[in-house]
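Beneath this line is the structure, given in structure tokens, with notes to follow.
Read the numbers this way: they start at 1 and go in the same order the structure lists the ligands and their atoms. Along the sequence shown, residues are numbered consecutively beginning with 1.
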Amino acid sequence: MQLVIIADIDAAKGTSTTSELATEYADNVTFIECDVTNQESVEDTLGKAKDTYGRLDIISNNAGAMMENDPIGTINLNLCGVIRVAAVAMSYMRADKGGSGGIIINTASLTGVKPSYNCPAYCASKSGVIGFTRSFAMNPDFDLHKVRMNCLCPGMVDTPMIQGVLDEDGKEGRVLNFDRFRYAANLPQLKPSAVADVFIDLVENESKNGAAMLITVEGPPRDIEFPIY
Ligand SMILES: NC(=O)C1=CN([C@@H]2O[C@H](COP(=O)(O)OP(=O)(O)OC[C@H]3O[C@@H](n4cnc5c(N)ncnc54)[C@H](O)[C@@H]3O)[C@@H](O)[C@H]2O)C=CC1
Ligand SMILES: CCCCCC(=O)/C=C/C=C\C/C=C\C/C=C\CCCC(=O)O
């Protein structure tokens, strides 16, 4: 049986999503309020998950936002949040410390490899997620801890994030050039299911470790190839 915990800072949205899923999956889905920028909150959330279900197998490190009006906050959420969650999750997942191994999948972005003058802090945070993922996966201790790490690099996806930036009409400066963003937001977008499909592939394909998966409307998903120095 697969058991899922949804953890999000938005308790109202998290609870309603969990209720929707409960119609199909009954009590197998639980919500916990969590702020990934807060160490104590992350420890509390993952501790509860471990206590409830006995072990952690799969982590989706997905929380993120675009807020160029707060560049340091962007790094703290999008990059430090990923690192914070991974560190705490590792303490439960490591096969050499009583866990069963597993996989952590971080959500980066196309902007982690394709720079944009419109959102430099966001781009930096996502480049950081890619670098963290690839470096973590190179650790020779993998044979001991048995936790794989991969990341997703989608282009624009049709989610509330984009509408959220559009709705603000640029007033809060979530992007630096609102007209350019409005133009980009009208281009074809991925469906969230396209990203979810790659997520499932990464879970199932045990040879994948340290991959950064490019997902765009232009073609099938593929591994990003990086230069070797
Ligand atoms: N929508 C897009 O075009 C793309 C999004 N991404 C990334 O995908 C991930 C998911 O984003 P979307 O679903 O598009 O946006 P979304 O805004 O629908 O979802 C982001 C979620 O993160 C949560 N969150 C924000 N701050 C948090 C915190 N401190 N602690 C815990 N949860 C927090 C929000 O409440 C929200 O539920 C993000 O990391 C985003 O950067 C990557 C590529 C493209
Ligand atoms: C082409 C960008 C794809 C990555 C999108 C992403 O990770 C998150 C998008 C969230 C909201 C969209 C907000 C801004 C996108 C900003 C600029 C897009 C234009 C890129 C450019 O060419 O300048």
Within a distance under 4.0 Å of any heavy atom of Lys13, pick out the atoms of ligand 1 and give their elements.
36 (C), 37 (O)
Is ligand 1 under 4.0 Å from a heavy atom in the side chain of Gln189, in the backbone, in both, or in neither?
neither
For Asp51 and Lys48: C-alpha separation, side-chain torsions, deciding distance, then whether salt bridge (charged side-chain N to carboxylate O under 4.0 Å, His left out) applies.
CA-CA 5 Å; Asp51 290 347; Lys48 279 184 189 152; over 6 Å; no
Any idea which atoms of ligand 1 are less than 4.0 Å away from a heavy-atom of Leu77?
26 (N), 27 (C), 28 (C), 29 (N)
Using a 4.5 Å cut-off on heavy atoms from C-beta on, say whether the side chain of Leu176 contacts that of Pro120.
yes
Does Ile162 approach ligand 1 within less than 4.0 angstrom via side chain, backbone, both or neither, non-hydrogen atoms only?
side chain
Check whether any side-chain heavy atom of Ser91 sits under 4.5 Å from a side-chain heavy atom of Lys97, and report yes or no.
no
Among the heavy atoms of Cys153, does any lie under 4.0 Å from an atom of ligand 1?
no
Would you check whether Val157 has a nitrogen or oxygen atom less than 3.5 angstrom from a nitrogen or oxygen atom of ligand 1?
yes
Can you list the atoms of ligand 1 that are under 4.0 Å from a heavy atom of Gly64?
20 (C), 22 (O), 38 (C), 39 (O)
Check Cys34 against ligand 1 and report side chain, backbone, both or neither, counting heavy atoms closer than 4.0 Å.
backbone
Is it the case that the side chain of Asn78 and the backbone of Ala65 share a donor-acceptor pair, with hydrogens and angles ignored and the cut-off at 3.5 Å?
yes
Could you tell me if the side chain of Thr45 sits less than 4.5 Å from the side chain of Val36, heavy atoms only?
no
Would Pro154 count as being in polar contact with ligand 1, using the rule that some N or O on each side must be under 3.5 angstrom apart?
no
Side-chain H-bond candidate by donor/acceptor type, Thr37 with Asn76, under 3.5 Å
no
Considering Met161, Met67, Gln163 one by one, which has a heavy atom nearer to atom 40 (C) of ligand 1 than any of the others?
Met161
Please give me the minimum heavy-atom distance between Leu46 and Ala89, naming the atom from each residue.
CD1-N, 3.6 Å
Do you know which two heavy atoms are closest between Leu56 and Met93, and how far apart they sit?
O-CG, 3.4 Å
Evaluate the side-chain proximity of Val4 to Thr30: yes if any heavy-atom separation is below 4.5 Å, no if none is.
no
Polar proximity ligand 1 side, Ser109 side, N/O cut 3.5 Å exclusive:
no
Looking only at distances, can you tell me whether any N or O atom of Asn78, backbone or side chain, sits closer than 3.5 Å to an N or O atom of ligand 1?
no
Could you tell me which atoms of ligand 1, counted from 1 in the order shown, lie closer than 4.0 angstrom to a heavy atom of Asp10?
35 (O)
May I ask you to list the atoms of ligand 1 that are less than 4.0 angstrom from any heavy atom of Asn62?
8 (O), 9 (C), 10 (C), 38 (C), 39 (O)
Met66, portion touching ligand 1 at heavy-atom distance under 4.0 Å:
neither
Which atoms of ligand 1 have any heavy atom of Thr107 under 4.0 Å away?
7 (C), 8 (O), 9 (C)
Using a 4.0 Å heavy-atom cut-off, say whether Ile9 meets ligand 1 through its side chain, its backbone, both or neither.
both
Does Ala108 have a non-hydrogen atom less than 4.0 Å from ligand 1?
yes
Quick one: does ligand 1 sit under 4.0 Å from the side chain of Thr111, the backbone, both or neither, non-hydrogen atoms only?
neither
Non-hydrogen side-chain atoms of Ile59 and Ile103 separated by less than 4.5 Å:
no
Taking only heavy atoms of Gly155, which atoms of ligand 1 are found under 4.0 Å from at least one of them?
3 (O), 43 (C), 44 (C)
Answer whether the closest heavy-atom distance between the side chains of Cys153 and Ile224 falls below 4.5 Å.
yes
Has Arg55 got its NZ or CZ under 6.0 Å from the middle of the six-membered ring of Tyr92, at an angle within 45 degrees of the ring axis?
no
Below 4.0 angstrom from a heavy atom of Asp35, which ligand 1 atoms are there? Numbered from 1 as shown, please.
28 (C), 29 (N), 30 (N)
Check against salt bridge (charged side-chain N to carboxylate O under 4.0 Å, His left out), Asp96 and Lys146
CA-CA 8 Å; Asp96 55 345; Lys146 298 193 190 310; over 6 Å; no
